[in-house]
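One structure below.
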Amino acid sequence: MSSFFSWIEKLLGPTSLISFFTLTGLSFFYYKIPFFLVFIFIISSLVCFFIFIIKKNLLLYVLGRILEAFLTLFIVSSLTFLLLRGLPGGPFDQEKNLAPEIQANIEKKYHLDKSLTWQYFYYMKGLSRGYLGESYKYTDRNISDILKDSLPVSIQLGIYALIIAFAVGIPLGVFAARKQNTFFDQSSMLLSISGVSLPSFVIAPIFILFFSFYLGWLEPALWEGTLFYILPSVVLGLRPASIIARLTRSSILDILSHDYVRTARAKGLNETSIFYKHILKNAFLPVLTFSAPLIAGILTGSFIIEKIFAIPGLGQHFINSVTNRDYPLILGTVLIYSSLLILSNLIVDLLYTYFDPRIKLS
Amino acid sequence: MKGLFLALFLSLCSCFFTKKQSFYTNYNLKESFRYPILSEPPTLDWNKSTDRASALIIQNIMEGLTEYDFSEKEPQVKAALAKNWTNSKDNKVWTFFIKDNVFWTDGERLTAKHFLSSWERLLNPKTASEYAYFLFPIKKARKYNQGIIKDFKEVGVKIGKQGELIVELEKALFYFPYLLTHTSTFPIRTDVIEKKKALWTEAENIVTLGPYKLYKWEHDKALVLIKNDSYYGKAPSIKNIIFYIIPEETTIMNLYQSGRLDVATPLISRDLPFLTKRKDHYFHNILSLYYYGFNLKAPNLKNKKVRQAIIHAIDRKEIVQLLNRGNPISTSFLPQGLFAYNPKIGLNFDPEKARKLLKEIPPQSLPSKIQIFYNTTSDHKMIAENIQSQLKKNINLNIELNNQEWKTYLQRLKAKQVEIFRLGWLADYPDPDNFMNLMASFSENNHTGWKNERYDSLILKAMVMKNTNLRKKLYDQAQKILLEEEAVVFPIFTDVSHILISPRIKNYPLNVMSYILFKHIEVKQ
């Protein structure tokens with residue numbers, strides 16, 4: 001049985017990875033996404049995930065976490081629902097005051113004339129069937145349609161930014177640690193501290209000025225193809241990349257002083273294998289901890305980046321829905337964010353057991 | 001290893017079969033016009049839409065019985081879908097004859113029935129349309145909207161024997177044809193709506209009849225209109241209109257400068273000193289007024305001498321210079337460019353008089369501090385701060401500034417928990433009644449708590465009159481009560497619109513209503 005599992009794992013593991021990167025590549029070069037590749041990616045990742053769970057004997061644990069997740073989501077949605085009603089101003093308050101009969105018609109249409117308890121149960125009833133309601137601002141549009149249109153864009157941008165964050169952050173941290181206290185170390189840490197501290201609304205205009213107006217290489221805004229994707233992805237990825245670089249560097253330096261590293265050296269292992277086998281794997285744990293909220297935050301979109309680059313993502317809805325008091329849309333965005341946060345936390349917890357087999361989840 | 005090969009093979013296959021996406025950047029520039037809108041149109045259902053982005057698109061894919069004509073000094077209307085119209089002697093019954101060569105994009109001919117069903121839908125309480133009030137002048141329309149009347153047949157609209165639309169009004173109303181330029185009154189195909197339900201406004205379902213038709217609508221990203229070949233009128237000269245949804249003014253400017261937009265509007269105030277020198281910069285007044293109001297229910301502002309003194313103590317020129325947008329100052333409650341606008345009405349800057357007025361008030365009843373409320377934006381803040389310093393300097397009055405987020409502010413206004421407040425009004429239709437009505441005792445938008453019978457009767461009398469000198473006199477009298485005798489509101493300036501238009505564009509319509517019909521625009525070859 002276990003040989004069968006490992007055979008499947010060997011087959012599907014790379015399939016999942018390669019299909020993921022192919023999908024990313026295709027979308028980056030503005031090709032239509034082939035449906036069957038998405039299908040392959042989802043199936044192979046799910047199967048790998050299950051095998052991993054079964055092999056590590058974590059099935060019950062994961063089921064428990066999923067139950068917990070539903071409870072959390074229930075509490076989050078109830079709290080949000082109640083807190084929203086405490087906000088001053090209603091969804092249909094506007095500069096031009098409505099005649100009372102028109103106001104009454106609108107409130108009736110959206111059930112705002114009913115009691116709060118009634119509205120709450122009505123909303124929860126819909127939610128249990130997966131119905132998020134109708135937007136107040138975007139007349140006649142379902143919240144799920146709005147999320148379906150905007151979430152993929154944010155995920156796309158988020159994935160580019162995450163790839164940049166990890167592909168730049170980790171090597172930078174590793175090299176800085178290996179060449180500790182050299183010019184390279186100091187300059188890369190200076191760079192990363194500016195990446196952490198400079199907000200994206202400062203970096204974005206500077207990059208636009210330089211890369212699209214001064215050099216003319218990239219497009220200043222919109223979301224229409226490769227040349228349009230690069231600037232927002234870089235700007236969005238810069239901050240996490242810097243944080244990851246600093247985290248990696250400090251945790252490597254921390255581990256360098258551990259006894260087992262000295263033992264490995266005493267055994268006569270060569271420096272490269274000590275570094276990559278013993279140090280790096282362990283040094284990755286803090287980065288992993290940081291990744292969970294990072295992934296959830298970045299995949300659900302960034303308001304500032306989306307606004308500056310006119311990207312039709314989900315991030316804008318987080319802020320605009322609150323400004324508009326569009327209760328169903330606020331609830332929808334909050335639910336999406338919490339689900340992603342819970343999911344990425346679960347995945348990261350599972351990955352701990354991979355990086356450090358001593359960690360036991362139960 | 002096998003897995004690796006399999007995965008690589010699959011990926012390669014998919015790369016081989018997939019195509020590049022068609023994209024908005026791939027248009028023929030000579031046939032296209034690219035325009036920024038600040039937000040996604042909340043809906044293209046013209047019975048329900050209320051915002052400017054939606055209206056801009058609807059105006060170009062649809063038409064109403066009438067449309068604006070800006071060739072005269074003051075805005076007029078001319079026939080659009082109506083061939084012509086007549087009105088009865090008492091001006092209460094209007095008959096619209098409908099053009100018989102108008103076809104919808106699905107081939108059906110336009111008839112009066114489409115107007116009737118649109119108006120029924122607009123007024124139906126179940127539609128819950130915010131702009132239902134546009135048809136309230138029609139007999140019993142308001143009652144139908146309130147749900148008092150259940151049968152639409154009782155409402156004063158019917159179809160005549162020759163297929164004309166006969167409208168009976170509650171009161172004589174000369175500006176009634178103006179209301180019919182509004183998108184909410186456009187004809188509609190209820191059969192399409194019944195079939196497609198909420199999705200009827202999507203590009204693949206919508207049925208329209210204007211010079212352009214909706215070709216593509218990618219939510220939050222862009223809308224594309226293309227020329228409607230079955231349009232009854234003169235064919236527009238530009239084939240594609242691309243609306244990009246760009247929520248940030250700086251981004252609009254960046255895209256305009258990189259040649260991806262043909263128009264940049266709105267422009268940021270802080271850029272204006274540089275931009276106004278450019279050849280592609282244009283600016284014009286719009287029928288919109290920026291004003292401060294006094295809440296008469298607030299104890300500090302009950303005394304009208306205090307209010308008059310405050311108005312006399314503020315130099316509007318200073319505010320306008322500070323804003324640096326070229327706004328014309330206004331002492332009148334009617335914006336410049338509207339019938340009955342009278343620059344001589346209203347209280348002027350006169351600090352001497354302000355101080356004198358305050359001296360007439362017993363010192364113990366002088367307010368020690370007054371609060372100004374405004375919603376948080378940098379321009380409103382700048383204006384409020386300037387007024388604060390002017391009042392301190394000119395009449396030694398202490399002002400406390402109080403800024404709030406928009407919806408919170410609106411709630412406070414409604415609850416009358418304000419003292420001095422700021423607001424603006426943009427004309428729904430270019431008639432003075434639209435502005436003067438605001439301060440009537442029966443208006444939902446009168447946040448001052450002021451009621452005056454004389455004012456009410458003057459504007460009700462003027463409302464049903466033709467634009468004559470007499471009407472103007474009535475409005476002058478009403479404004480004198482509002483602005484001078486009672487000093488309830490304090491008009492500051494008329495709004496202006498600044499815009500950059502690419503030199504390759506000809507005939508871009510600039511008008512006081514910011515009413516843009518793209519059918520008139522041409523691209524220089």
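- Summarising the local packing, OH of A:Tyr122 is surrounded by 12 or fewer heavy atoms from other residues, nucleotides or ligands at distances under 6.0 Å.
- Interface remark: B:Asn254 contributes backbone and side-chain atoms alike to the contact with chain A (heavy atom separation under 4.5 Å).
- Note that the CD1 atom of B:Ile246 and the CG atom of A:Leu222 stand 5.5 Å from one another [nearest 0.5 Å].
- A:Asp140 and B:Ala198 get closest at one heavy-atom pair: O-CB, 3.5 Å.
- Ranking B:Gln146, B:His219, B:Glu248, B:Lys197 against chain A, the residue ahead of the rest is B:His219, based on heavy-atom pairs under 4.5 Å.
- Only the side chain of A:Phe213 comes within contact range of chain B, with at least one heavy atom under 4.5 Å from a heavy atom of that chain.
- Heavy atoms of other residues, nucleotides or ligands lying less than 6.0 angstrom from CZ of B:Phe442 number more than 12.
- Summarising the geometry, atom CG belonging to B:Asp220 is positioned 4.0 Å from atom NE2 belonging to A:His317; distances are rounded to the nearest 0.5 Å.
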Residue pair A:Thr139, B:Asp45: steps toward the side chain to side chain contact (heavy atoms under 4.5 Å, CB included) verdict: CA-CA 8 Å; A:Thr139 319; B:Asp45 183 334; over 6 Å; no
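- At a threshold of 4.0 Å, the pair A:Arg141-B:Glu202 does not count as salt-bridged, since none of the basic side-chain nitrogens sits closer than that to a carboxylate oxygen.
- In this structure, the portion of A:Pro91 lying under 4.5 Å from any heavy atom of chain B is its backbone and not its side chain.
- Contact count versus chain B (heavy atoms, under 4.5 Å) is highest, among A:Lys109, A:Lys307, A:Gln316, for A:Lys307.
- Using a 4.5 Å cut-off between heavy atoms, B:Thr250 makes no contact with chain A at all.
- With values rounded to the nearest 0.5 angstrom, A:Asp93 atom CG is found 6.0 Å from B:Lys407 atom NZ.
- Neither the backbone nor the side chain of B:Tyr409 comes within contact range of chain A; no heavy atoms are under 4.5 Å apart.
- Using a 4.5 Å cut-off between heavy atoms, A:Glu219 contacts chain B through its side chain alone, with no backbone atom that close.
- Judged purely by atom type and a 3.5 angstrom limit, B:Asn145 has no side-chain atom pairing as donor or acceptor with the backbone of A:Glu101.
- When heavy atoms are compared at a cutoff of 4.5 Å, B:Leu426 approaches chain A solely by way of its backbone atoms N, CA, C and O.
- The candidate from B:Ala128, B:Ser129, B:Pro41, B:Ala415 with the greatest count of non-hydrogen atom pairs under 4.5 Å with chain A is B:Ala128.
- For A:Gln103 and B:Glu444, the side-chain atoms include no donor-acceptor pair closer than 3.5 Å.
- Around the NZ atom of A:Lys114, the shell of radius 6.0 Å holds more than 12 heavy atoms that belong to other residues, nucleotides or ligands.
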Carefully, step by step, assess B:Lys221 and A:Glu224 under the rule salt bridge (charged side-chain N to carboxylate O under 4.0 Å, His left out). CA-CA 10 Å; B:Lys221 186 173 177 184; A:Glu224 313 266 290; 3.8 Å; yes
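- With a threshold of 4.5 angstrom between heavy atoms, B:Thr127 approaches chain A through N, CA, C or O but not through any side-chain atom.
- For the options A:Ile102, A:Ile106, A:Ile146, heavy-atom pairs under 4.5 Å to chain B are most numerous at A:Ile102.
- Of the possible polar contacts, one joining the B:Thr251 side chain to the A:Ile308 backbone as a donor-acceptor pair under 3.5 Å is found.
- Within 6.0 Å of NZ on B:Lys143 lie no more than 12 heavy atoms contributed by other residues, nucleotides or ligands.
- Of the inter-residue distances, the one linking B:Gln257 atom CD with A:Ile208 atom CD1 reads 12.0 Å to the nearest 0.5 angstrom.
- With rounding to the nearest 0.5 angstrom, the CD atom of B:Glu130 is 11.0 Å from the CG atom of A:Asn105.
- By the 4.0 Å N-to-carboxylate-O rule, A:Lys137 lies too far from B:Glu40 to be salt-bridged with it.
- Interface remark: B:Ser39 contributes no atoms to any contact with chain A (heavy atom separation under 4.5 Å).
- Chosen from A:Asp149, A:Ile311, A:Asn320, A:Asn142, the residue pairing most often with chain B at heavy-atom distances under 4.5 Å is A:Asp149.
- Residue B:Leu410 holds its CG atom at 8.0 Å from CG of A:Asn97, rounded to the nearest 0.5 Å.
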